[in-house]
Trainee: 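Handing you this structure, nothing more for now.
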Amino acid sequence: MNDLFPEPLPDGITLLPRQADAVALLPLIDAIAAMSPPRHLTVPGGGSMSVAMTNCGMLGWVSDRSGYRYDRIDPLTGRPWPAMPAAFTELAAGAAAQAGFAGFMPDACLINSYAPGARMGLHQDRDERDFAWPIVSVSLGLDAVFLIGGTRRADPTRALVLADGAVLVFGGPARRMYHGVRPLKAGHHPLLGARRLNLTFRKAG
DNA sequence: AAGTGGCT
DNA sequence: TTAG
């Protein structure tokens, strides 16, 4: 039961049900988090994000008081982000190909950790160089309600449930749409406890 | 500006 | 309860 609404998904959105190989990413995520720990980034204006973030790959998405950017260096450690494991690249490229984006080779993977109550306000992903490449999102742990709107922030939104192991590919016309995540509900996952992890793969540079 | 909370 |  993925759709809260019966209508077909917006053009450019592909939702793949639970991918059996997604659970294999968990120990790799732990290793990345040991090198570049998830942290609550500051946003322009001075607020703090409720989602804890880290990255792997050549580029990582970061925010601070001065704005958003991709950076080769983790500002917390002063070192490059951990390398992107081959299993990450393979899962993302395979999902993108199934959604019609052959040749997707991500250079950035943003790893988001949601505790109960954590949310992501409506936003566009617009810090990447080429919007022709999709964004591939892998969900692990607790279910989340994903919101997808239009190209203007005030456009009405629809809701999708992103369950453990689900992979969402966000490309074509959907690439520029506002999207977000409702506050995470409390719950328990056998491997992750009261947590949701989300990996978003991008071709940023 | 990917925040948050309060007001109308 | 939702929109702004």
Side-chain angles (χ1 to χ4, degrees), chain A residues 4-5 7 10 12-13 29 32-33 36-76 81 92 106-131 133-162 166-186 195-205:
Chain A
L4 267 54
F5 293 89
E7 307 101 65
I13 297 266
I29 296 170
I32 291 163
S36 275
R39 81 294 308 252
H40 297 274
L41 296 171
T42 299
V43 295
S48 170
M49 300 188 73
S50 57
V51 175
M53 298 181 163
T54 186
N55 293 271
C56 67
M58 287 296 295
L59 293 169
W61 186 88
V62 288
S63 170
D64 61 23
R65 188 150 243 175
S66 71
Y68 309 145
R69 67 183 185 278
Y70 282 95
D71 204 312
R72 294 176 178 278
I73 301 296
D74 177 352
L76 185 64
W81 298 102
D107 54 16
C109 175
L110 176 59
I111 300 172
N112 289 161
S113 178
Y114 292 74
R119 55 179 291 176
M120 185 77 68
L122 282 181
H123 68 280
Q124 292 173 307
D125 287 40
R126 35 184 254 190
D127 301 311
E128 302 76 27
R129 283 172 49 95
D130 185 356
F131 293 170
W133 291 112
I135 286 172
V136 175
S137 157
V138 177
S139 293
L140 295 164
L142 295 181
D143 287 3
V145 178
F146 180 80
L147 302 173
I148 169 78
T151 55
R152 297 169 304 184
R153 189 190 293 275
D155 288 340
T157 58
R158 293 175 46 201
L160 300 177
V161 173
L162 298 183
V167 179
L168 186 74
V169 182
F170 213 74
R175 181 65 178 73
R176 296 165 187 273
M177 287 179 176
Y178 277 87
H179 55 279
V181 177
R182 285 202 186 131
L184 192 76
K185 265 181 50 177
R195 195 154 54 114
R196 169 180 186 252
L197 296 177
N198 182 66
L199 277 49
T200 50
F201 293 92
R202 302 107 187 280
K203 175 84 178 76

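Order of the sequence lines fixes the chain letters, A, B, ..., with proteins taken first and strands second; residue numbering starts at 1 for each chain.
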Trainee: Would you kindly give the CG-to-C1' distance between Asn55(A) and dA2(B), to the nearest whole Å?
Mentor: 13 Å
Trainee: Can you tell me which nucleotide in dT4(B), dA2(B), dG4(C) comes closest to the side chain of Ser50(A)?
Mentor: dT4(B)
Trainee: What is the distance from NE2 of His40(A) to C1' of dA2(B), rounded to the nearest Å?
Mentor: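 After rounding, the reported distance stands at 14 Å.
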Trainee: When Trp61(A) is tested against each of Asp127(A), Thr200(A), Asn55(A) for side-chain hydrogen bond (donor to acceptor under 3.5 Å, both in side chains), which residue passes?
Mentor: Asp127(A)
Trainee: With sugar-phosphate meaning primed atoms plus P, OP1 and OP2, does Gly121(A) contact a base, only sugar-phosphate, or nothing at under 4.0 Å between heavy atoms?
Mentor: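 Counting heavy atoms under 4.0 Å across all strands, the contact made by Gly121(A) is with sugar-phosphate only.
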Trainee: Could you tell me the separation between the CG atom of Asp64(A) and the P atom of dA1(B), rounded to a whole number of Å?
Mentor: 15 Å
Trainee: With respect to Trp81(A), which candidate in Ile111(A), Val62(A), Leu59(A) satisfies the side-chain contact (heavy atoms from CB on, under 4.5 Å) definition?
Mentor: Val62(A)
Trainee: Expressed as a whole number of angstroms, how long is the span from Leu41(A):CG to dT4(B):P?
Mentor: 12 Å
Trainee: Using whole Å, report how far CG of Leu147(A) lies from C1' of dT2(C).
Mentor: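 Going from Leu147(A) (CG) to dT2(C) (C1'), I get 14 Å.
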Trainee: Starting from C1' on dG5(B), measure out to CZ on Arg119(A) and report it in whole angstrom.
Mentor: 10 Å
Trainee: To the nearest 0.5 Å, what is the distance between CE (Met120(A)) and CG (Leu147(A))?
Mentor: 11.5 Å
Trainee: NA contact type, Ser48(A), heavy-atom cut-off 4.0 Å: base, sugar-phosphate, or nothing?
Mentor: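 The answer is sugar-phosphate, as Ser48(A) gets under 4.0 Å only of primed atoms, P, OP1 or OP2.
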Trainee: Tell which nucleotide pairs with dA3(C), taking only Watson-Crick or G-U wobble pairs whose two distances are both under 3.5 angstrom.
Mentor: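 dT8(B) is the nucleotide pairing with dA3(C).
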Trainee: Which residue in the set Val136(A), Asp107(A), Ile135(A), Asp130(A) passes side-chain contact (heavy atoms from CB on, under 4.5 Å) when paired with Lys203(A)?
Mentor: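 When side-chain contact (heavy atoms from CB on, under 4.5 Å) is applied between Lys203(A) and each of Val136(A), Asp107(A), Ile135(A), Asp130(A), only Asp107(A) qualifies.
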Trainee: Need one value for Arg152(A): base, sugar-phosphate or nothing, where a base atom within 4.0 Å counts as base even if backbone is also close, heavy atoms only.
Mentor: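 No contact.
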Trainee: Could you tell me the separation between the CG atom of Asp71(A) and the C1' atom of dA2(B), rounded to a whole number of Å?
Mentor: 17 Å
Trainee: Among the candidates dA2(B), dG4(C), dA1(B), find the nucleotide nearest to the side-chain atoms of Pro44(A).
Mentor: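 Nucleotide nearest to Pro44(A)'s side chain: dA1(B).
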Trainee: Only one of Arg175(A), His179(A), Arg176(A) clears side-chain hydrogen bond (donor to acceptor under 3.5 Å, both in side chains) with Asp125(A); which?
Mentor: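 Running side-chain hydrogen bond (donor to acceptor under 3.5 Å, both in side chains) over Arg175(A), His179(A), Arg176(A) with Asp125(A) returns exactly one hit, His179(A).
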Trainee: Within this structure, what is the CZ-to-C1' distance between Arg153(A) and dG3(B), rounded to whole angstrom?
Mentor: 11 Å
Trainee: Select base, sugar-phosphate, or nothing to describe what Arg126(A) touches, counting heavy atoms under 4.0 Å on all strands.
Mentor: nothing
Trainee: Regarding Thr200(A), tell me which of base, sugar-phosphate or nothing describes its non-hydrogen contacts under 4.0 Å with the strands shown.
Mentor: nothing
